[in-house]
K.L.:
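Following this message is one structure expressed as structure tokens.
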Amino acid sequence: GTSGVQTFTLTNIGGQPTGMISGMLTGTDAASFSVTANGCAGNTLAPSATCTVSVRFAPTTSGAKSASLTATATPGGMSSSALSGTGLSPGSITANPTSKNFGSVESGQQGTTQIFTIQNIGGSATGTLATLVSGANGSEFGVTTDACNGQTLAANATCDVSVQFRPVTSGSKIGTLTVTGTPGGAAAAPLSGTSLASAALAMAPPSHNFNSVITGQTTNAAAVQEV
């Protein structure tokens, strides 16, 4: 990112004109600053006259930065201003836990709820966050509460999204919880679970005719299978 522009005014406080003025950015982090307009370079200043130089801070790495803006002329000597600023890393979001297996849940029932904590581990705020559950079986994982969607996160701030496994058909299920922000990137947490068919009894054979039997007598027992 870049900062606003700061204008520096150079004044000839002497009683004679200066020589031709030259200027430069110097110092360890000079590359993090840039001159956007220079009304001094190559000019001379009469007594009490002024000219201006505009500088912008545009760091490419994070951390404290420093440099100097220096103007020199012969005659006229040298004058400088100390420049400083701090580069912040962009917003970057993570999810904790990074994945969740909800285990086995009976079809048509609701499993336990898992809270996912979204954190901005960057040095500056995220853009507006958006929450989405997707994947082959995304519809069988439901968001129950969402304190992230539509919000921004300052550096180191967190918000929570709660997800519940709600299978409607049996079998293995997969999905993904994704929270995105620009800036901020994306935090994706894989979701999984197994849906079990509901308990059901079945008897075989479904029917049996014992035929006719004289009162007081018995027939051979029919084998009944329990399933």
K.L.:
Between Thr113 and Ser162, which heavy-atom pair has the shortest distance, and what is it?
P.N.:
CG2-CB, 3.7 Å
K.L.:
Where do Thr131 and Asp146 land on the side-chain hydrogen bond (donor to acceptor under 3.5 Å, both in side chains) test, with the steps shown first?
P.N.:
CA-CA 8 Å; Thr131 302; Asp146 187 353; 3.0 Å; yes
K.L.:
Is it true that the side chains of Ser89 and Ser62 contain a donor and an acceptor less than 3.5 Å apart?
P.N.:
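Result is no, nothing qualifies.
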K.L.:
So which pairs with a foot in residues 104-196 pass disulfide (SG to SG under 2.5 Å), sequence neighbours left out?
P.N.:
Cys148-Cys159
K.L.:
Suppose the criterion is ring-ring contact (aromatic ring centres under 6.0 Å, His included): which pairs have a residue in residues 29-62, not counting sequence neighbours?
P.N.:
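Output for this query lists Phe33-Phe57.
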K.L.:
Report the C-alpha distance between Ser22 and Thr72 in whole Å, list the side-chain angles of each, state the deciding distance to 0.1 Å, and finish with yes or no for side-chain hydrogen bond (donor to acceptor under 3.5 Å, both in side chains).
P.N.:
CA-CA 5 Å; Ser22 62; Thr72 59; 3.0 Å; yes
K.L.:
If you look only at pairs with a residue in residues 26-83, which of them pass as a disulfide (SG to SG under 2.5 Å), with sequence neighbours excluded?
P.N.:
Cys40-Cys51
K.L.:
What about Phe141 and Val143, same hydrophobic cluster or not, with Ile/Leu/Val/Met/Phe/Trp/Tyr joined at side-chain heavy-atom distances under 4.5 Å?
P.N.:
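Cluster IDs for Phe141 and Val143 match.
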K.L.:
Same hydrophobic cluster for Leu191 and Val105, using side-chain heavy-atom links shorter than 4.5 Å among ILVMFWY?
P.N.:
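Same cluster.
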K.L.:
Does the side chain of Pro75 come within less than 4.5 Å of Gln16's, by heavy atoms?
P.N.:
no
K.L.:
Does any part of the side chain of Val163, heavy atoms only, come nearer than 4.5 Å to the side chain of Phe116, both counted from C-beta?
P.N.:
yes
K.L.:
Is the closest side-chain donor-acceptor distance between Glu106 and Ser198 under 3.5 Å?
P.N.:
yes
K.L.:
Classify the ring geometry of Phe165 against Phe102: parallel below 30°, tilted from 30° to 60°, perpendicular beyond 60°.
P.N.:
tilted
K.L.:
Hey, does Leu25 have a side-chain heavy atom less than 4.5 Å from the side chain of Leu83?
P.N.:
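When only atoms from C-beta onward are counted, Leu25 and Leu83 do touch, with a gap below 4.5 Å.
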K.L.:
Does a side-chain heavy-atom distance below 4.5 Å link Leu10 with Val53?
P.N.:
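Counting from C-beta outward, Leu10 and Val53 never come under 4.5 Å.
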K.L.:
For Asn12 and Thr18, test the side chains for any donor-to-acceptor distance below 3.5 angstrom and give the result as yes or no.
P.N.:
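Thr18 and Asn12 do not have a side-chain donor-acceptor pair below 3.5 Å.
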K.L.:
Go through the side-chain N and O atoms of Thr9 and Thr52 and say whether any donor and acceptor fall under 3.5 Å apart.
P.N.:
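Checked: Thr9/Thr52 side chains show no N/O donor-acceptor pair below 3.5 Å.
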K.L.:
Looking only at heavy atoms, what is the nearest atom pair of Ala73 and Gly19, with distance?
P.N.:
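That closest heavy-atom pairing would be CB-O, 3.6 Å.
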K.L.:
Looking at every heavy atom in both Val168 and Glu140, which two are closest together, and how far apart are they?
P.N.:
N-OE1, 2.7 Å
K.L.:
Do you know the tightest heavy-atom contact between Ile21 and Ala71?
P.N.:
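The pair with the smallest heavy-atom distance is CG2-CB, 4.3 Å.
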K.L.:
Of all heavy-atom pairs between Ala186 and Thr178, which one has the smallest distance, and what is that distance?
P.N.:
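Answer, listing the atom of Ala186 first, then Thr178: CB-CG2, 4.4 Å.
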K.L.:
Taking the side chain as C-beta and beyond, is there a heavy-atom pair between Met78 and Thr70 under 4.5 Å?
P.N.:
yes
K.L.:
Answer with yes or no whether the side chains of Ser195 and Ser107 bring together a donor and an acceptor at under 3.5 Å.
P.N.:
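Distance-only check passes for Ser107 and Ser195.
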K.L.:
Tell me whether the count of non-hydrogen atoms from other residues, nucleotides or ligands lying under 6.0 Å of CD1 in Ile115 goes above 12.
P.N.:
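Not more than 12 within 6.0 Å, no.
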K.L.:
Would you say the side-chain atoms of Thr7 and Ser54 include a donor-acceptor pair closer than 3.5 Å?
P.N.:
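A pair is found: one side chain offers a donor N or O, the other an acceptor, under 3.5 Å apart.
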K.L.:
Any non-hydrogen side-chain atom of Pro47 less than 4.5 Å from a side-chain atom of Pro17?
P.N.:
yes
K.L.:
Can you tell me how far OG of Ser80 sits from CZ of Phe8, rounded to the nearest 0.5 angstrom?
P.N.:
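Going from CZ on Phe8 over to OG on Ser80, the span is 10.5 Å.
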